[in-house]
Amino acid sequence: MNDSTKPTPKEPPRYDFAAAEPRWQTEWDRRACFAVPDVPPPEAKKYYVLEMFPYPSGKIHMGHVRNYTLGDVVARYKRARGHLVMHPMGWDAFGLPAENAARERGIHPGKWTYDNIANMRAELQRMGLSLEWAREFATCDAAYYGKQQKLFLDFWKAGLVERKESWVNWDPVDGTVLANEQVIDGRGWRSGALVEKKKLSQWFLSITKYAPDLLEALNTLDRWPERVKLMQSNWIGRSEGARVRFRLTDAAAAGAEEVEVFTTRPDTLFGMSFLAVAAEHPLAAAAAARDPRAAEFIAECRRMGTSEAAIEQAEKRGFDTGFRVAHPFVPGVSFPVWIANFVLMEYGTGAIFGCPGHDERDFEFATKYALPILPVVLPPGADATTFRLGGEAYTDDGTIFNSGFLDGLAVPAAKRRVIEELEKTGQGTGVVNWRLRDWGISRQRYWGCPIPVIHCESCGAVPVPEAQLPVVLPEDVDFSKPGNPLDHHPTWKHVACPQCGAPARRETDTCDTFVDSSWYFARFCSPGAAEPVTRAAVDAWLPVDQYIGGIEHAILHLLYSRFFTRAMKATGHLAVEEPFAGLFTQGMVQHESYKGADGRWLYPEEVEISVAADGTRSAVVKGSNEPATIGRVEAMSKSKRNTVDPGAIIGKYGADTARWFILSDNPPERDMEWTEAGVAGAFRFTQRIWRLAANSADALAPVGAAHAAGAGPARKLRQATHRTIAAVTEALENFAFNVAVARIHEFANAIGEAEGQAAAEGMGAARREALETLARLSAPMMPHLAEEVFAALRPGSGTLVAELPWPEADPELLKAETVTLAIQVLGKLRATIEVPVGAPEAEIFALAEAEENVQRALGGKPVKKRIHVPGRVVNLVV
RNA sequence: GCGGGCGUGGUGGAACGGUAGACACGCUGGAUUUAGGUUCCAGUGGCGCAAGCCAUGGGGGUUCAAGUCCCUCCGCCCGCACCA
């Protein structure tokens with residue numbers, strides 16, 4: 001090489017993401033790469049990828065970026081694998097924040113919502129997601145919620161809708177129903193008034209009718225995370241037990257002959273020391289009627305809020321009503337009836353019998369109020385004459401004692417025996433009880449789907465005739481008063497009864513927003529249909545093959561969607577059993593938090609981080625250089641100001657960098673930490689890929705050139721290529737996207753090393769294969785860069801990576817000639833040996849024992865046992 | 001309170017029960033560059049001169065072999081039915 005003729009080194013080529021990303025987005029769009037028909041051709045292998053649709057809060061956040069990037073990797077990968085992929089997007093657009101905006105800033109909820117959607121759509125489009133925007137809708141579109149009203153009426157006809165009373169949080173100052181979120185430490189978030197419980201008549205969907213099936217069918221969901229199935233199973237909460245009727249000793253005062261309890265431990269009936277009812281129980285009301293102190297206690301319980309967490313975390317308190325109940329089997333023995341704040345009216349019968357010896361809550365309650373504690377279950381090995389309970393209840397199995405006819409029986413046998421006896425004497429029955437409650441969908445709010453019902457004085461609750469659907473929300477609403485604007489609207493609710501024509505009142509409650517999100521996946525299959533869904537479309541596309549979203553939806557949203565699918569099947573709208581065949585739950589996106597010297601939270605862009613040689617990090621406030629403290633890594637939230645704006649990241653580094661970093665950082669099911677350093681590293685890697693391609697442009701063989709035979713550097717590169725194909729494919733199939741990223745890093749390193757051997761035989765073809773494979777394997781993660789690289793490798797070809805099939809690994813190139821075996825002595829690594837694949841075991845043992853380090857470790861002792869795991873390890877036991 | 005999960009170097013993490021720390025970030029040293037938020041090379045769990053020993057939140061167990069399986073304790077996170 002003659003230095004004088006060597007061209008002056010050029011500036012390293014830079015990948016211009018800002019120009020490339022919109023260009024490829026336009027190209028995908030122009031060629032309709034992601035469009036699919038409502039009804040796919042019968043021979044197509046369909047694949048429906050769906051991410052949980054966002055609430056249009058105003059801007060996308062990093063959680064969205066993570067969610068939609070994960071879904072896009074799956075969508076692009078499955079498309080390359082030859083599937084017809086439906087990948088739609090929409091908006092979960094009803095909800096409280098829009099009403100809050102209306103009250104705080106005077107903006108109409110509809111305008112606020114649709115403006116937010118426009119913003120967020122543009123942000124999502126900049127991410128280069130392979131979405132089919134033609135299917136987009138928002139749940140606040142009358143074209144959507146009108147169909148939801150039709151579903152409600154169909155469910156009603158099918159007996160799946162009921163009107164029942166239930167308790168709500170009531171703000172007595174604002175005169176408004178509060179969401180649990182709006183109750184802060186027992187007070188209304190705006191008025192500060194002590195919240196009360198209030199009973200309202202509301203609409204319910206009969207999800208409990210499907211409780212057995214919702215539980216049973218969890219077994220069929222083999223592509224759901226076990227923990228989600230477990231949580232659902234516990235939520236549905238099947239338990240076997242007994243209903244026991246206790247006779248009240250003073251029926252006249254109590255206003256009832258008996259009180260019924262549900263128990264899962266009828267075997268401990270002889271250890272009873274009290275009976276407790278919920279504050280909402282009729283017996284509590286009877287006590288209040290004759291004792292103002294009881295009334296006061298109930299009023300206190302009513303100030304506790306309706307959330308189960310609040311109730312169960314509260315200090316256990318009770319009030320002795322003075323009523324007594326007789327023991328079912330011991331004549332002359334009776335127990336006090338208490339009102340207790342930890343008994344839930346919604347579960348079982350709203351009454352329990354307390355056996356403090358064998359239930360922790362009962363133990364705590366009995367200890368507090370000095371009620372007797374009698375053990376009736378003897379732990380295995382304990383002696384009945386000397387056994388004493390320690391400072392806690394004994395809740396495990398054992399042998400029953402102190403219990404009359406149950407003495408000597410094991411717990412399960414005792415349960416069967418006592419139920420037999422209860423049934424024989426007519427005092428109770430064995431029952432299966434479910435924790436799951438019916439789904440109350442009524443919300444006293446404006447920004448939701450109107451429930452299509454008209455209340456008539458003579459006809460009762462009458463369905464809105466289908467011809468009058470959709471029942472559209474009025475536009476002219478007044479948010480200056482508290483309460484539901486639909487209720488104070490001057491005209492909207494005044495209608496004629498569809499049955500008798502008399503003046504009637506429109507239902508002013510709207511649907512829980514969980515209803516909106518319980519069937520949107522079905523609507524996506526035919527978003528323009530005149531019916532809620534088109535049978536041919538849902539029959540072809542459902543179930544969703546891969547659903548992706550946050551673990552926070554593990555129970556409610558997923559359970560409600562499973563219920564809706566069953567209800568829609570019962571009403572003939574679709575035929576599948578389950579909505580989501582595969583489920584993936586992603587972790588949260590977190591960030592460090594920062595505080596200034598004055599204790600004020602600081603945004604990441606307000607602080608300057610420096611790193612000392614020992615790795616210690618410290619922070620100062622930009623500009624002032626005042627010290628700042630680096631706080632915990634926690635979920636991004638506005639209140640902690642530890643948020644990073646995806647739009648700013650995409651502007652600075654490009655969508656591919658953001659996508660690559662969010663995938664590379666850690667396994668997607670785990671919480672991840674967003675770091676500036678990590679993003680910068682991902683950005684450098686995008687540039688590195690681009691450089692690898694640009695540096696090779698004139699050293700590549702033409703497309704289709706034959707590969708050289710032999711075992712030189714070209715073969716080594718080809719082996720790396722094909723092993724990477726196999727490894728990345730496996731990683732993508734397993735949602736191990738961070739591992740796929742690591743393999744691509746290794747591959748890029750291998751390609752970089754091969755640059756030094758450009759002259760070796762067959763290298764031109766091997767490098768073309770490697771670089772084209774690099775582009776195609778990284779395309780699900782970095783789709784724009786992949787197109788840009790591929791176009792540079794095949795100038796003028798017009799081929800889009802988005803339209804290419806997934807690369808296939810050549811099995812011949814995956815084979816290894818030798819393997820490295822770890823040689824252990826007593827499980828401790830002492831040496832490694834390199835042996836040909838398939839070497840005879842005897843030879844391997846001989847080689848292993850000949851190793852110097854192995855000899856030293858053996859110390860001359862005879863080998864008792866030799867374990868050989870082919871391709872992995874040899875363990876010698878002495 | 002109840003239900004579910006997670007815990008591995010300075011950091012994120014990898015690891016069919018089989019060589020713990022792949023890959024990356026960060027840091028250190030060197031080279032290139034007028035310059036560097038560039039690129040390239042080398043090093044990087046702890047202790048030890050070394051042989052080696054110690055390390056996967058703490059403690060215990062099963063196994064030839066445990067980050068992985070079992071028990072227990074601790075810490076953190078998610079859900080709890082009207083936030084989405």
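Letters go in sequence order (proteins before strands), and every chain restarts at 1. These numbers were taken from a predicted model, which means no experiment stands behind them.
Within the structure, every side-chain polar atom (N or O) of A/R872 is placed at least 4.0 Å from both OP1 and OP2 of B/C64. For A/R670, a side-chain nitrogen or oxygen approaches OP1 or OP2 of B/A14 to under 4.0 Å. Using a 4.0 Å cut-off, some side-chain N or O of A/T513 falls inside it from OP1 or OP2 of B/A84. Here A/R691 reaches the OP1 or OP2 of B/C40: one of its side-chain N or O atoms lies under 4.0 Å away. Regarding contacts with the backbone of B/A81, every side-chain N or O of A/R437 stays at 4.0 angstrom or more from both OP1 and OP2. For the pair A/N738 and B/A14, the criterion of a side-chain N or O lying under 4.0 Å from OP1 or OP2 is met.
Nucleotide B/G13 holds its P atom 16 Å from the CZ atom of A/R743, rounded to whole Å. When the P atom of B/C40 is taken as reference, atom CD of A/Q687 falls 12 Å away, rounded to whole Å. Atom pair A/I555:CD1 and B/C83:P shows a separation of 14 Å (rounding to whole Å applied). Atom CG in A/D92 sits roughly 13 Å away from atom P in B/C83 (whole-Å rounding). In this structure, CD of A/E730 is placed 13 Å from C1' of B/A14, rounded to the nearest angstrom. Separating the CZ atom of A/R856 from the P atom of B/C53 is a distance of 10 Å, rounded to the nearest angstrom.
For A/A742, whose side chain is taken as the heavy atoms from C-beta onward, the closest listed nucleotide among B/C23, B/G13, B/A84 is B/C23. Closest approach to the A/R684 side chain among B/C23, B/C25, B/A81 is made by B/C25 (side chain taken as heavy atoms from C-beta onward). Listed nucleotides: B/A24, B/C83, B/C78. Nearest to the side chain of A/A179: B/C83. Minimum atom distance to the side chain of A/S307 is reached by B/A81, of the listed B/G3, B/A81, B/G5. The A/I867 side chain lies nearest to B/G18 when the options are B/A24, B/G18, B/C78.
With respect to the salt-bridge test (charged N to carboxylate O, under 4.0 angstrom), the residues A/R743 and A/E746 qualify. Between A/R302 and A/E280 there is no salt bridge, since no side-chain nitrogen of the basic residue lies less than 4.0 Å from a carboxylate oxygen of the acidic one.
Projected onto RNA chain B by closest heavy-atom contact, A/K316 and A/E308 fall at different nucleotides, the more 5' of which corresponds to A/K316. Map A/L96 and A/V739 each onto its nearest nucleotide of RNA chain B; the residue landing nearer the 5' end is A/V739.
Residue A/H553 is in base contact, counting any heavy-atom pair closer than 4.0 Å across all strands shown. Heavy atoms of A/K652 sit under 4.0 angstrom from at least one base atom. A/R443 comes within contact range of at least one nucleobase, with a heavy-atom separation under 4.0 Å. Residue contacts for A/N100: at a heavy-atom cut-off of 4.0 Å it reaches no nucleic acid atom on any strand shown. In this structure, A/W439 reaches neither bases nor backbone, as no heavy-atom distance under 4.0 Å exists between it and the strands shown. A/E755 comes within 4.0 angstrom of no nucleic acid atom, judged by non-hydrogen atoms across all strands. A/N234 comes within 4.0 angstrom of the backbone, heavy atoms only, and of no base. Within 4.0 Å (heavy atoms only), A/Q444 reaches at least one base atom of the nucleic acid. Residue contacts for A/S517: at a heavy-atom cut-off of 4.0 Å it reaches no nucleic acid atom on any strand shown.
Surrounding CD of A/E852 are at most 12 heavy atoms belonging to other residues, nucleotides or ligands under 6.0 Å away.
Between the side chain of A/N180 and the base of B/C82, no donor-acceptor pair under 3.5 Å is found. Taking 3.5 Å as the limit, the base of B/C64 and the side chain of A/R866 contain no donor-acceptor pair of atoms between them. Donor-acceptor pairing under 3.5 Å, judged by distance alone, is absent between the side chain of A/Q182 and the base of B/C83.
Checked against A/F53 for a ring-ring contact (aromatic ring centres under 6.0 Å, His included), the options A/F521, A/Y68, A/Y520 give a single hit: A/Y520.
Using a 4.5 Å cut-off on side-chain heavy atoms (C-beta onward), A/W660 and A/Y653 make no contact. With a 4.5 Å cut-off on side-chain heavy atoms, A/Q824 and A/L876 do not count as touching. In this structure, A/Q182 and A/N169 have side chains that are not in contact, with every pair of non-hydrogen atoms separated by 4.5 Å or more.
Secondary structure note: stems in RNA chain B built from 3 or more consecutive Watson-Crick or G-U wobble pairs under 3.5 Å occupy B:1-7 with B:74-80, B:10-12 with B:23-25, B:26-31 with B:39-44, B:45-47 with B:52-54, B:57-61 with B:69-73.
Checked against a 6.0 Å centroid threshold, the rings of A/Y145 and A/F94 count as neighbours. The six-membered or imidazole ring of A/F683 lies away from that of A/F685, with a centre-to-centre distance of 6.0 Å or more.
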Validation: residues 198-205 of chain A side-chain donor-acceptor distances under 3.5 Å, sequence neighbours left out:
residue: A/Q202; atom: OE1; partner: A/Q444; partner atom: NE2; Å: 3.2
residue: A/Q202; atom: NE2; partner: A/S166; partner atom: OG; Å: 3.0
residue: A/W203; atom: NE1; partner: A/E507; partner atom: OE1; Å: 2.8

